[in-house]
Amino acid sequence: MCGITGWVSFDCDLTAESTTLDAMTETMSCRGPDDRGAWIHGPAGLGHRRLAIIDLPGGRQPMAVETPQGAVALVYSGETYNFTELRRELAGRGHRFTTESDTEVVLRGYLEWGEALAERLNGMYAFAIWDARHDKLVMIRDRMGIKPFYYYETADGVLFGSEPKAILANPLARRRVALDGLREVFALVKTPGHAVWDGMSEVEPGTVVTVDRSGLRRHVYWSLETRPHTDDRDATVAKVRGLLDDIVRRQLVSDVPRCTLLSGGLDSSAMTAIAARQLAEAGETVRSFAVDFVGQADNFVADELRGTPDTPYVHDVAKSAGTDHRDIVLDSHALADPDVRAEMIRARDIPMGFGDMDASLYLLFRAIREHSTVALSGESADEVFGGYLQFFDETARTADTFPWLVRFADHFGDDAGILRPDLTAALDLPAFVKESYAGAVTGIRRLEGESDFEFRMRKISYLHLTRFVRVLLDRKDRASMAVGLEVRVPFCDHRLVEYVYNAPWALKSFDGREKSLLREATADVLPRSVYDRVKSPYPSTQDPKYAVALQGHVKDLLARPGHPVFDLVDREQAARAAGREAPQITQASRRGLERTLDLALWLDMYRPEIVLT
């Protein structure tokens with residue numbers, strides 16, 4: 001796991017630009033605290049920051065091979081879980097290896113198969129290859145978009161990086177955000193390829209982007225496709241379990257300490273229990289970590305979204321699976337700390353956060369990093385198996401919009417009211433969401449004979465797997481890599497995603513509950529309490545002191561009348577939210593306070609040019 005960046009300028013020799021390349025590379029230091037490297041060859045410069053996971057002494061980057069026709073150099077971020085098999089195949093084809101790293105396997109794989117290498121990889125990855133034999137840059141991203149990857153076209157080439165900050169460190173990149181970028185920030189709708197910053201794009205998941213002197217081209221090597229599902233319930237359950245066993249076994253491979261993130265929900269509990277059983281075969285004990293809040297277990301109040309606190313279930317799993325467990329208990333002071341908020345803004349490069357849930361995730365990862373370098377997460381199981389409330393809410397099922405937006409304001413608060421009226425009108429978020437939804441559902445193939453209901457559920461699954469999950473994967477990646485922690489996501493293995501996506505909804509919910517297939521496939525390793533537990537999302541603090549602390553920070557902001565945040569935020573609305581008595585602080589006003597503070601910090605840190613016309 002690492003941070004990558006680079007610059008291709010076909011009209012220049014970048015040898016004299018090492019200082020700029022170094023500046024771009026250093027922005028990735030959190031992603032790669034263990035080592036750094038740079039490689040410049042004529043029109044191409046590659047930078048790398050390394051978090052050493054596999055083959056600690058041998059996996060240094062950039063990694064290059066000299067061929068009779070020219071050099072081929074690679075910067076790579078991520079993990080290839082089938083690198084052992086690929087290495088064996090490549091060795092059989094005559095390739096000779098000098099390291100034990102998956103990075104060299106990817107580089108040699110490119111020499112053998114070219115861009116078609118992407119179709120052979122199982123993992124999470126974002127990598128760039130400069131191929132001097134053809135004077136071209138090849139950028140490849142994993143199928144689900146687990147690892148971030150951005151690029152910025154210039155007059156004579158391209159800039160790229162794991163995160164926007166690497167690109168923005170180059171003077172050729174403008175720090176400019178227009179209305180379309182702000183719409184991405186406020187609508188909770190992830191447009192594929194959009195990067196918020198003007199002129200910047202994402203390498204889309206499952207895509208190869210090639211840049212040469214003739215321009216830029218994109219090739220999609222993987223997409224979520226509709227296929228018939230012919231297995232019955234028992235066969236489907238067995239297939240899911242077999243895939244999970246194989247996926248977890250592959251993702252436990254590491255030369256550094258690893259652990260699991262345990263929430264006490266079905267997803268993380270099943271993953272942790274499988275990992276514990278597999279490690280026990282080798283005489284090892286899995287470490288597990290959970291987040292909790294001071295007083296949460298004693299003062300928990302159930303609502304529609306969260307019916308039970310996590311901690312009792314976490315402890316049931318830890319005991320049942322025999323993990324070496326630790327709770328990371330956070331207080332409201334830490335959650336509301338402006339320095340923590342600033343770290344999350346810096347990690348994400350945009351003010352697109354989830355309030356205390358972002359802060360707690362960052363603090364959880366920071367605490368884990370003191371003990372482990374790799375963590376397995378249950379992220380994305382809800383999207384794959386159908387775990388969210390909206391999968392069962394008839395209003396959300398039938399709405400012609402993104403289903404997670406139907407009840408979002410009810411559960412998390414609506415922050416649209418914090419914006420200046422003129423900005424609200426210019427953004428026209430309802431029209432943006434409507435247009436985005438229409439584009440998102442275009443091209444979803446319906447099976448012959450598929451009922452209207454089954455096709456509607458296929459659409460909902462597709463939207464979660466191609467839009468919503470990318471928001472959460474990006475959040476997870478940025479928060480973890482900000483502290484140098486690699487988080488792996490077994491439920492994003494493309495084999496599992498493809499298989500379960502095409503299972504009909506009647507199978508995914510055969511017992512009338514969420515995630516029926518996952519529950520049944522892992523029933524033998526789950527404590528009964530978790531098997532019976534109703535879905536509960538990532539926890540949020542209920543301590544009123546948190547909201548009061550937010551009010552204090554917004555009051556400090558209001559005392560700075562010239563702050564540019566008030567070019568976006570309605571000052572009177574902010575003042576009303578900051579002046580409410582604690583019992584009157586609603587979920588919506590709390591979210592508005594959080595968003596105001598995020599915007600203010602972002603403007604202070606990045607100094608973007610905001611274009612509202």
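Tyr546 does not carry Arg590 over the face of its six-membered ring by the limits of under 6.0 Å from the centre and within 45° of the normal. Remark: Arg467 is not positioned above the aromatic ring of Phe402, lacking an NZ or CZ atom under 6.0 angstrom from the ring centre and at most 45 degrees off the axis.
Ring geometry for His464 against Phe468 counts as perpendicular: the plane angle is over 60°, on a 0 to 90° scale with 30° as the lower cut. Note: Phe491 and Phe385 have perpendicular aromatic rings, judged against thresholds of 30 and 60 degrees for the angle between ring planes.
Checked against ring-ring contact (aromatic ring centres under 6.0 Å, His included), Tyr125 has the following partners two or more places apart in sequence or in another chain: Phe127. Scanning for side-chain hydrogen bond (donor to acceptor under 3.5 Å, both in side chains) contacts around Glu163 gives Arg31, Lys165, with sequence neighbours left out. Here Arg36 pairs with Asp22, Glu26 under the salt bridge (Lys or Arg N to Asp or Glu O under 4.0 Å) rule; sequence neighbours left out.
Counting heavy atoms from C-beta on, the side chains of Lys476 and Ile146 come closer than 4.5 Å.
Side-chain contact, Ser263 with Asp310: no donor N or O sits under 3.5 Å from an acceptor N or O. Inspection of the Ser360 and Tyr538 side chains reveals an N or O donor paired with an N or O acceptor under 3.5 Å.
Each ring-ring contact (aromatic ring centres under 6.0 Å, His included) pair with one or both residues in residues 268-299, not counting sequence neighbours, appears once here: Phe289-His371. Among pairs with a residue in residues 314-341, those fulfilling salt bridge (Lys or Arg N to Asp or Glu O under 4.0 Å) read Arg341-Asp598, at least two apart in sequence or across chains. Under the salt bridge (Lys or Arg N to Asp or Glu O under 4.0 Å) criterion, the residue pairs touching residues 535-547 are Asp382-Lys535, with sequence neighbours excluded.
With hydrogens and angles ignored, the 3.5 Å screen pairs a side-chain donor or acceptor of Arg143 with a backbone N or O of Leu121. Between the Arg108 side chain and the Phe97 main chain, no donor and acceptor come within less than 3.5 Å of each other. Of the possible donor and acceptor atoms, none in the side chain of His315 sits under 3.5 Å from a partner among the backbone N and O of Gly264.
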